[in-house]
Amino acid sequence: MKTYRSKIDWWLILLILGIFGYPIMEGILTNQYGLSITMISILIIMFWMFSKIKYVIEGTMLKVWWVKIDIHSIKRIYITNNPLSSPALSLDRIAIVYNTYDEVLISPKLKKEFVEELLKINPTIIVEI
């Protein structure tokens, strides 16, 4: 079993801290501590969820959060900066096309190593990186 963590863009962390930082400070300065506690709680849950984004290769299966993909069904891998919602914390992404019309966008930190590991299991994958 090999586990690959998601790459995290620094600007994403700053954006989230900026969005939640203002209401937290506003709540403290105006003595509305309920607002601050709520925003801090949401922030903690978000970062906890972010820490759980990983891609696991176990046998011939690729696990992306709760989705299991048979590596032998992967047809193509290509680079993308598509901002669609996906289990990726960076816009430096790769798209994995599997089955007939399925696709998932991910952003492993060690992109080259990740793709090489998939190719060991399924050397017929078309790689456009």
Side-chain angles (χ1 to χ4, degrees):
M1 178 169 83
K2 292 204 175 193
T3 302
Y4 297 87
R5 295 253 176 231
S6 177
K7 181 178 179 181
I8 303 173
D9 282 342
W10 62 270
W11 61 266
L12 178 65
I13 301 296
L14 290 178
L15 178 68
I16 291 168
L17 289 175
I19 290 170
F20 285 91
Y22 178 77
I24 291 169
M25 293 306 297
E26 184 71 21
I28 291 170
L29 295 174
T30 60
N31 296 327
Q32 294 177 348
Y33 300 114
L35 173 64
S36 295
I37 291 170
T38 302
M39 290 295 131
I40 290 170
S41 299
I42 293 170
L43 199 57
I44 289 170
I45 290 168
M46 283 181 64
F47 282 116
W48 175 77
M49 287 175 54
F50 286 176
S51 73
K52 299 297 178 187
I53 296 178
K54 58 186 174 185
Y55 319 111
V56 179
I57 298 173
E58 190 171 1
T60 62
M61 298 301 288
L62 169 62
K63 292 182 191 175
V64 178
W65 266 9
W66 60 88
V67 177
K68 292 183 180 180
I69 301 167
D70 181 6
I71 295 172
H72 293 290
S73 71
I74 297 174
K75 310 283 187 237
R76 186 177 128 195
I77 297 173
Y78 64 93
I79 291 178
T80 183
N81 294 323
N82 191 329
L84 286 177
S85 178
S86 66
L89 299 173
S90 172
L91 290 180
D92 180 19
R93 299 174 172 185
I94 57 174
I96 296 178
V97 180
Y98 62 101
N99 294 334
T100 306
Y101 302 108
D102 298 319
E103 182 173 283
V104 64
L105 306 177
I106 62 173
S107 62
K109 255 187 213 179
L110 306 171
K111 195 182 320 182
K112 185 178 178 185
E113 187 178 306
F114 176 79
V115 171
E116 286 173 359
E117 194 64 33
L118 292 176
L119 286 171
K120 285 180 190 175
I121 297 166
N122 182 2
T124 63
I125 298 172
I126 299 168
V127 179
E128 299 167 1
I129 295 181

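Since the structure is predicted, the reported quantities are computational estimates derived from the model, not experimental observations.
- Counting non-hydrogen atoms of neighbouring residues, nucleotides and ligands closer than 6.0 angstrom, the NZ atom of Lys54 reaches no more than 12 such neighbours.
- No path of Ile, Leu, Val, Met, Phe, Trp and Tyr side chains, each step under 4.5 Å between heavy atoms, connects Ile42 with Ile45, placing them in separate hydrophobic clusters.
- Checked against the 6.0 Å centroid threshold, Phe114 and Tyr4 count as a close aromatic pair.
- Side-chain contact between Leu43 and Ile16 is present, with heavy atoms from C-beta onward closer than 4.5 Å.
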Exercise for review: Check step by step if side-chain contact (heavy atoms from CB on, under 4.5 Å) holds for Val64 and Ile106.
Suggested key: CA-CA 8 Å; Val64 178; Ile106 62 173; 3.9 Å; yes
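- Residue Glu128 holds its CD atom at 11.5 Å from OG1 of Thr80, rounded to the nearest 0.5 Å.
- Here CD1 of Ile24 is found 11.0 Å from CD1 of Ile37. Values are rounded to the nearest 0.5 Å.
- Here the OG1-CD1 distance, from Thr60 to Ile74, works out to 10.0 Å after rounding to the nearest 0.5 Å.
- Taking both residues in full, the closest heavy atoms of Ile28 and Ser36 are given as N-OG, 3.2 Å, listed atom of the first, atom of the second, then distance.
- Looking at heavy atoms from C-beta onward, Asp9 lies out of side-chain contact with Leu89 at the 4.5 angstrom threshold.
- When every heavy atom of Leu91 is checked against every heavy atom of Pro83, the shortest pair comes out as CD2-CA, 3.7 Å.
- Here the CZ-CE distance, from Phe20 to Met46, works out to 5.0 Å after rounding to the nearest 0.5 Å.
- The nearest pair of heavy atoms linking Tyr98 to Glu103 is CE2-N, 3.9 Å.
- One hydrophobic cluster, built from ILVMFWY side chains closer than 4.5 Å, cannot hold both Met39 and Tyr22; they sit in different ones.
- The minimum heavy-atom distance between Ser73 and Ile69, with the atom names listed, is OG-CG2, 4.0 Å.
- By the rule that hydrophobic residues join a cluster once side-chain heavy atoms approach within less than 4.5 Å of another member, Leu12 and Trp10 end up as members of one cluster.
- Taking CZ of Phe47 as the start and CG of Leu17 as the end, the distance is 4.5 Å to the nearest 0.5 Å.
- Asn81 pairs by the side chain to side chain donor-acceptor pair (under 3.5 Å) definition with nothing, not counting sequence neighbours.
- Under the side chain to side chain contact (heavy atoms under 4.5 Å, CB included) test applied with Arg76, the options Val97, Ile125, Ile96 reduce to a single match, Val97.
- Between the side chain of Arg93 and the backbone N or O of Asn82, at least one donor-acceptor pair lies under 3.5 Å.
- Of all heavy-atom pairs spanning Val56 and Met1, the tightest one is CG1-CG, 3.5 Å.
- Side-chain atoms of Ser90 never come within 3.5 Å of backbone atoms of Ile8 as a donor-acceptor pair (strictly under, hydrogens ignored).
- For the pair Tyr55 (side chain) and Pro87 (backbone), a donor-acceptor distance under 3.5 Å is present.
- Listed for the Asn122 side chain is a donor-acceptor partner under 3.5 Å among the backbone atoms of Ile71.
- Proximity of Val115 to Ile129: side-chain heavy atoms (C-beta onward) are separated by under 4.5 Å at one or more points.
- Between the Asn99 side chain and the Tyr101 main chain, no donor and acceptor come within less than 3.5 Å of each other.
- Expressed to the nearest 0.5 Å, how far CG of Leu118 lies from CD1 of Ile94 amounts to 7.0 Å.
- Side-chain contact between Asp92 and Lys111 is present, with heavy atoms from C-beta onward closer than 4.5 Å.
- Heavy-atom contacts from other residues, nucleotides or ligands closer than 6.0 Å to OH of Tyr78 number more than 12.
- Hydrophobic clustering (side-chain heavy atoms under 4.5 Å, transitive across Ile, Leu, Val, Met, Phe, Trp, Tyr) groups Val104 together with Val127.
- Using a 4.5 Å heavy-atom threshold, the side chains of Gln32 and Glu26 count as separate.
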**Study point:** Worked check of side-chain contact (heavy atoms from CB on, under 4.5 Å) between Leu62 and Lys68
**Key:** CA-CA 6 Å; Leu62 169 62; Lys68 292 183 180 180; over 6 Å; no
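- Counting only distance, with no hydrogens or angles, the side chain of Arg5 and the backbone of Ser51 share a donor-acceptor pair below 3.5 Å.
- Leu105 and Ala95 get closest at one heavy-atom pair: CD2-CB, 3.5 Å.
- Connection of Leu14 to Phe50 is established within a shared hydrophobic cluster, with ILVMFWY side chains joined at heavy-atom distances below 4.5 Å, either directly or through further cluster members.
- Counting non-hydrogen atoms of neighbouring residues, nucleotides and ligands closer than 6.0 angstrom, the CE atom of Met49 reaches no more than 12 such neighbours.
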